[in-house]
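None of the values given here were measured: they were computed from a predicted structure. By convention here, the first residue in the shown sequence is residue 1.
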Amino acid sequence: MTVETGAAPRRQHILLELGFATTRAGDELHGAATITPQMHVPGTERLRTSVLATWTDTVTGLLAALTLGPRVPVTLELDVHLYRPAPGSGEVRAVGRKIKAGRSVFVAEVEWTVDGEPFAFGGGSFMVSPDADLRLPAGLSADMPVSDRLLEVPLAERAGCVRRAPGTAVLPRTDDGLNASRTVNGGLIALAAEEAILSLAPGSTLSTLGLRYLQPARVGPVVADATLRAEVGRATLRDTGNSDRITTLATGRLFPA
């Protein structure tokens, strides 16, 4: 997905540069991507857990859109759990399945493998946007090809997400980082939460990442403030341009050193 930025040339959505492709397979949605160094946690050779969260949001969100459309689905909760430290290379594959489809709430899960070996699972829950005027594009397809332009710099740099201090990360609102409701994409919010937590434990990676989305980040920048105790991180994310309102609560657990 791309969006217009005034009179400037169109910019590709940041998350398309992760090279994730999806295809529908009966009632399932399959996805695949090749891990690159730009997706690694800084100081490690491991895939970011927030990238897995982003892809989980993509797979479950597409499944939600196919069910709830033409109304726009918005993410309520998202989580990822790793059986072992994330790989640093290889082809990651996803299989997404619908778990519950009600009139207003949708739940799906995703199984993750790399080179045929399971290493993680995740899930997402969604509701229809309260803005009844928002509509998904006509003819929305769950088949998403790999972009012809992939990340050339680390993901956090591409998104403009910076560690302002230990325990604090700042994410700007940019036109190429929005979702269908024109608010900050939930995958990028996962990135900010991960950055805030990992800034307290350099060189570590997350074995779990869970996010509870309370309200959209409409204005930005989003500021994530985290604490860490006994390998469990907690982050509160606020939309500083919108009366400092809390948008998301996140938790993450570190892999043991």
*Please check if any side-chain donor atom of Asp225 sits under 3.5 Å from a side-chain acceptor atom of Thr236, or the reverse.*
no
_I'd like to know if the side chain of Thr251 reaches the main chain of Arg234, judged simply by a donor and an acceptor atom lying under 3.5 Å from each other, with no hydrogens or angles considered._
no
_Can you tell me if Asp244 has over 12 outside heavy atoms packed within less than 6.0 Å of its CG?_
yes
*Do other residues, nucleotides or ligands put more than 12 heavy atoms under 6.0 Å from the CZ atom of Arg212?*
no
_Same cluster or not: Val59 versus Val146, using hydrophobic residues (I, L, V, M, F, W, Y) connected whenever any side-chain heavy atoms lie under 4.5 Å apart?_
no
_Tell me if a side-chain donor or acceptor on Asp79 pairs with a main-chain N or O of Leu211 at a distance below 3.5 Å._
no
*Under a single-linkage definition using a 4.5 Å side-chain heavy-atom cutoff for Ile, Leu, Val, Met, Phe, Trp and Tyr, are Met39 and Phe255 assigned to the same hydrophobic cluster?*
yes
*Sidechain-backbone polar pair: His30 side chain, Ala25 backbone, donor-acceptor under 3.5 Å*: no
*Where is the tightest heavy-atom contact between Ala142 and Leu29, given as atom of each residue plus distance?*
CB-CD1, 3.6 Å
*Which pair of heavy atoms, one from Ala217 and one from Val222, lies closest together, and at what distance?*
CB-CG2, 3.6 Å
*Let me see the working for Val74 and Phe126 under side-chain contact (heavy atoms from CB on, under 4.5 Å), right down to the final yes or no.*
CA-CA 5 Å; Val74 294; Phe126 300 81; over 6 Å; no
*Work out which heavy atom in Gly124 is nearest to a heavy atom in Leu78; give both atom names and the distance.*
CA-CD1, 4.1 Å
*Decide yes or no for Pro216 and Thr247: does some side-chain heavy atom of the first lie under 4.5 Å from some side-chain heavy atom of the second?*
no
*Treat each ILVMFWY residue as a node, draw an edge where side-chain heavy atoms are under 4.5 Å apart, and state whether Leu151 and Trp55 are in one component.*
yes
*Provide the closest heavy-atom pair for Ile35 versus His40 in the form atom of the first, atom of the second, distance.*
CG2-NE2, 4.1 Å
*Please check if Val170 and Ile197 belong to a single hydrophobic cluster, counting links between Ile, Leu, Val, Met, Phe, Trp and Tyr side chain heavy atoms closer than 4.5 Å.*
no
*Donor-acceptor pair, side chain of Arg71 and main chain of Ser129, under 3.5 angstrom*: yes
*Taking atom types as modelled and ignoring hydrogens, do the side chains of Glu17 and Ser147 form a donor-acceptor contact shorter than 3.5 angstrom?*
no
*Is the count of non-hydrogen atoms from other residues, nucleotides or ligands lying under 6.0 Å from Gln215 atom CD greater than 12?*
yes
*asked:* Minimum heavy-atom separation for Leu18 and Thr54, please, with both atom names.
replied: CD1-CG2, 4.1 Å
_Test ring pair (Phe, Tyr, Trp, His ring centres under 6.0 Å) applied to Phe119 and Trp112, step by step_ = CA-CA 6 Å; Phe119 76 97; Trp112 292 99; 7.1 Å; no
_What I want to check is whether the side chains of Asp57 and Thr75 have a donor and an acceptor closer together than 3.5 Å._
yes
*Tell me, with the steps shown, if Val51 and Leu155 meet side-chain contact (heavy atoms from CB on, under 4.5 Å).*
CA-CA 9 Å; Val51 169; Leu155 176 59; 3.7 Å; yes
*Taking the side chain as C-beta and beyond, is there a heavy-atom pair between Leu249 and Tyr213 under 4.5 Å?*
no
*asked:* Does Leu82 form a side-chain contact (heavy atoms from CB on, under 4.5 Å) with Thr49? I'd like the steps, not just the answer.
replied: CA-CA 8 Å; Leu82 282 73; Thr49 302; 3.9 Å; yes
*Do the side chains of Glu195 and Pro42 get nearer than 4.5 Å, heavy atoms only?*
yes
*Decide salt bridge (Lys or Arg N to Asp or Glu O under 4.0 Å) for Arg158 and Asp176; before the verdict, give the C-alpha distance in whole Å, the side-chain angles of both, and the deciding distance to 0.1 Å.*
CA-CA 10 Å; Arg158 172 68 178 87; Asp176 53 358; 3.2 Å; yes
*What's the spacing between Arg46 CZ and Ser89 OG if we round to 0.5 Å?*
9.5 Å
*Can you find a pair of side-chain heavy atoms, one from Leu15 and one from His13, that are under 4.5 Å apart?*
yes
*asked:* Given 3.5 Å as the limit, does a donor-acceptor pair link the side chain of Thr168 with the main chain of Arg164, or not?
replied: no
*Less than 4.5 Å apart, any side-chain heavy atom of Leu254 and any of Leu198?*
yes
_When you compare the side chain of Thr248 with that of Leu214, does any pair of heavy atoms fall below 4.5 Å?_
no
*Find the distance between CD (Gln38) and CD (Glu157) and round it off to the nearest 0.5 Å.*
10.0 Å
*Criterion side-chain contact (heavy atoms from CB on, under 4.5 Å) on Thr22 and Asp143, from CA distance to verdict*: CA-CA 5 Å; Thr22 60; Asp143 295 329; 5.7 Å; no
*Can we say Asp175 and Arg182 salt-bridge, meaning some charged N sits less than 4.0 Å from an Asp/Glu carboxylate O?*
yes
*asked:* Can you tell me how the ring of Phe121 sits relative to the ring of Tyr83, calling it parallel under 30°, perpendicular over 60° and tilted otherwise?
replied: tilted
*What is the distance from atom CE of Met144 to atom OG1 of Thr58, rounded to the nearest 0.5 Å?*
5.5 Å
*asked:* Looking at Thr208 and Gly252, would you say the former's side chain and the latter's main chain have a donor-acceptor pair under 3.5 Å?
replied: no
*Within one Ile-Leu-Val-Met-Phe-Trp-Tyr cluster: Leu200 and Leu209, side-chain cutoff 4.5 Å*: yes
_Rounded to the nearest 0.5 Å, what separates atom CZ in Arg24 from atom OG in Ser141?_
9.0 Å
*Counting distance only, does the side-chain N/O of Arg218 pair as donor-acceptor with the main-chain N or O of Thr183 below 3.5 Å?*
no
*Could you give the distance from NZ (Lys98) to CG (Leu66), rounded to the nearest 0.5 Å?*
9.5 Å
_Side chain to side chain, Ile99 and Phe106, heavy atoms closer than 4.5 Å_ = no
_Strictly distance-based, threshold 3.5 Å: is any side-chain N or O of Glu109 a donor or acceptor partner for the main-chain N or O of Arg97?_
no
*Indicate yes or no for a side-chain donor-acceptor contact from Ser243 to the backbone of Arg245 under 3.5 Å, with no hydrogens or angles considered.*
no
_Any non-hydrogen side-chain atom of Leu191 less than 4.5 Å from a side-chain atom of Arg48?_
yes
*Between Ser125 and Val107, which heavy-atom pair has the shortest distance, and what is it?*
CB-CG2, 3.9 Å
*Is a side-chain donor or acceptor of Asp239 paired with a backbone partner of Val219 at a separation under 3.5 angstrom?*
yes
*CD (Glu117) with more than 12 external heavy atoms under 6.0 Å*: no
